[in-house]
Colleague: 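Got a structure for you, questions after.
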2 protein chains.
Amino acid sequence: MPPAARQERADAARNRQAILRATEELLAEHRPEEISMERVAAAAGVGKGTVFHRFGSRTGLMRELMLQRVLALHEQVTDGPPPLGPGAPPRDRLLAFLDAVAAVLGRNKRLMAALGHAESTERQGGDRHGSQDAHADRSPGSVYSFWHGHIAGLLAEANPELDADLHAYLIIAAFHSPAVLDLLDAGEADRLARALRRSAAALLDAPGSE
Amino acid sequence: MPPAARQERADAARNRQAILRATEELLAEHRPEEISMERVAAAAGVGKGTVFHRFGSRTGLMRELMLQRVLALHEQVTDGPPPLGPGAPPRDRLLAFLDAVAAVLGRNKRLMAALGHAESTERQGGDRHGSQDAHADRSPGSVYSFWHGHIAGLLAEANPELDADLHAYLIIAAFHSPAVLDLLDAGEADRLARALRRSAAALLDAPGSE
DNA sequence: ATCCGAAGTGGACCATGGGTCCACTTCTGT
DNA sequence: ACAGAAGTGGACCCATGGTCCACTTCGGAT
C-alpha cells in the first residue's frame, strides 16, 4: 500500500505515514496558516528534522498529501470507464471531469488552501532535494498540471478554434481562489460544480467567433 | 493631490508619497517576495516604523497602491460614459468592463501578485489599526469587492437565471491565479481580455437551462 | 516669536516559522 | 553479531513582519 517499499526503511515508512496522518488531522480543524511544520512534527510524534527529511519542505508535504487525494481521480480519467475515462465525446468528458474535480475539492478544501498557502510562501532557495519522491513524475508543476493538460486537451478537441490553453487556466484559477475555497468550506461543492459545468458548456456550445 | 490634507501633517504626507513611490519602483524590478518591508523603508529613505505607522501592514501598503491604480476605472464605471459607465445594456457593460480590467491588470501584474502574496501571508493578529485610511470605504473586502459587485450585478441583470454571485467569483478568480499573472507578465493582456470576453459572452448567450 | 501638545519618526527589539546541521540511534543484509 | 547505510531530533540559524517608545518635528494658539 505504501508508495515504494523497495528503498525506504520500515521505520521511515512508519514515520512518513504518521506525518501524513497528523497533517490530515491538523488540517481537519485548523486553518492552513495555523499549522506550522513544528506543529506537524509534534502531532506526528517525530522531530522537525524528520519531517523535512521526508518531505523537503512545507510545499513538498502538502503536495504529497494532495497527490494522494487525487490519484484515484487521475486513474479514473486515464483508465476508467466513460464518461470520465476515454471513450466518451470530449464535451461529456469535460463536464464529468469538472463534476469530479468539484467533488474532490469539496472533500479537500482545507488541503487545497494549504497547498496554495504553502506554494505562495515558498522560499525561492535552491532545490537541494533530489526530487526522488515516490510518485512525483512531474516535480516542478504542481498537481494541477495534470488537470490543466486534461482540460485544455478536451477543450481543444471539442472546439479547436478556442484558446484552450488559456481557458483551461481560467477554469483552474477557480480552485486557487480564496472566495471559492470559502464557498466549498460552506459545503456548496455542488453549487460550484453546477457553475463550472455551465461555464464550460456555454463555452463549448457558443457560436464560432465572438 | 494627496488624499486628505486636513488631517495629515505635511511631512507625513511627503513620507507617504515617498513610500508609495519606492514601492512602485521596487515592484517594477523585483518579484513580490523579494520585497521586504525593510527594503521598502530603505528605498523610501524612512524607518521601518514609519512604513508600518502609515500603512499598518504589508497588506495595507499594497492595498493602498492597488486602490490608487484602480480608482480611475471605478470612476469610469460609476460616472463615465457608456459602455463602461451606466446606460449601455449590461452585456455590453460587462464585456467592456472585462476589457478594462484586463488592461489595468496588464499594467499592474506585479502589484497584483504582490497584493495576493501579502494577503495570503498575512498574520491574523488583531486589527490594531483604526482603518481611518484615506479613501478606504470598504476596509475588509479587498479591492476586488467592487469588481465582484459590479460583475455579479451585470450578470444578474443580463441573465437573471444565472448564479451571478458565483460566476462573478469564478471570473475574478482568474486575477488571483499565478498562471494568469505569469501570462500577463509576458505581455499577453489582450489575449486574456479575449478569453475573458468570450467566456462571459458565452455565459450570457447560452440557452436557459442545462 | 514662542510655546506646547499632538503627530510623526526610526531603528532596536521581539516572535514566529521555515529550513539546516550533525552527533547520535536504529535498521538490515550478510 | 557487525558494519555501514539510513534515519532521527532538536538545537540552531536567519529572514521577516510587526511592535515599542524615547525622541524629533510640526503647526495652531497666544
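Per chain, numbering begins at 1; letters A, B, ... match sequence-line order. What you see below is based on every heavy atom in this structure, not just the backbone, and it leaves out hydrogens, waters and symmetry mates.
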Colleague: Identify whether any heavy atom of A:Ala10 sits under 4.0 Å from a base atom; if not, whether one sits that close to sugar-phosphate; answer base, sugar-phosphate or nothing.
Modeller: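 Counting heavy atoms under 4.0 Å across all strands, the contact made by A:Ala10 is with sugar-phosphate only.
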Colleague: Rounding to a whole Å, what distance do you find between B:Arg16:CZ and C:dT9:P?
Modeller: 10 Å
Colleague: Choose from C:dG10, C:dG8, D:dT8 the nucleotide whose nearest atom is closest to any side-chain atom of A:His53.
Modeller: D:dT8
Colleague: Can you figure out which of D:dG7, D:dG18, C:dG10 approaches the side chain of B:Ser57 most closely?
Modeller: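 So the nucleotide nearest the side chain must be D:dG18.
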Colleague: Under a 4.0 Å N-O cut-off, is there an ion pair linking B:Arg63 with B:Glu119?
Modeller: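 Answer for the salt bridge query: yes.
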Colleague: May I ask you to decide whether B:Asp163 forms a salt bridge with A:Arg194, counting only side-chain N to carboxylate O separations under 4.0 Å?
Modeller: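 Result for this pair is no, no salt bridge flagged.
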Colleague: Establish, from distance only, whether the side-chain atoms of A:His30 and A:Arg39 form a donor-acceptor pair under 3.5 Å.
Modeller: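 Short answer, yes.
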Colleague: Between atom CD in B:Glu33 and atom P in C:dG17, what is the gap in whole Å?
Modeller: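 In whole Å, C:dG17 P lies 20 Å from B:Glu33 CD.
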Colleague: B:Asp11 side chain: which of D:dG18, C:dG8, C:dG17 is closest?
Modeller: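 Among the listed nucleotides, the one closest to the side chain of B:Asp11 is C:dG8.
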Colleague: What integer distance in Å separates A:Arg54:CZ from C:dG19:P?
Modeller: 17 Å
Colleague: State which of D:dT8, C:dG18, D:dG17 makes the closest approach to the side chain of B:Arg123.
Modeller: D:dG17
Colleague: Rounded off to whole Å, could you give me the CD-to-C1' distance for the B:Glu38 and D:dT19 pair?
Modeller: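 Result: 13 Å.
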Colleague: Let's test your reading of the model: under 3.5 Å, does the base of C:dT28 pair with the side chain of A:Arg9 as donor and acceptor?
Modeller: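 Result: no qualifying N/O pair found.
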Colleague: What is the distance, rounded to the nearest whole Å, between atom CD of B:Glu34 and atom P of D:dT16?
Modeller: 10 Å
Colleague: Between B:Glu8 and B:Arg54, does any side-chain N to carboxylate O distance fall below 4.0 Å?
Modeller: yes
Colleague: Please tell me if B:Thr50 has a side-chain N or O lying less than 4.0 Å from either OP1 or OP2 of C:dG10.
Modeller: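 B:Thr50 to C:dG10 OP1/OP2: side-chain N or O found under 4.0 Å.
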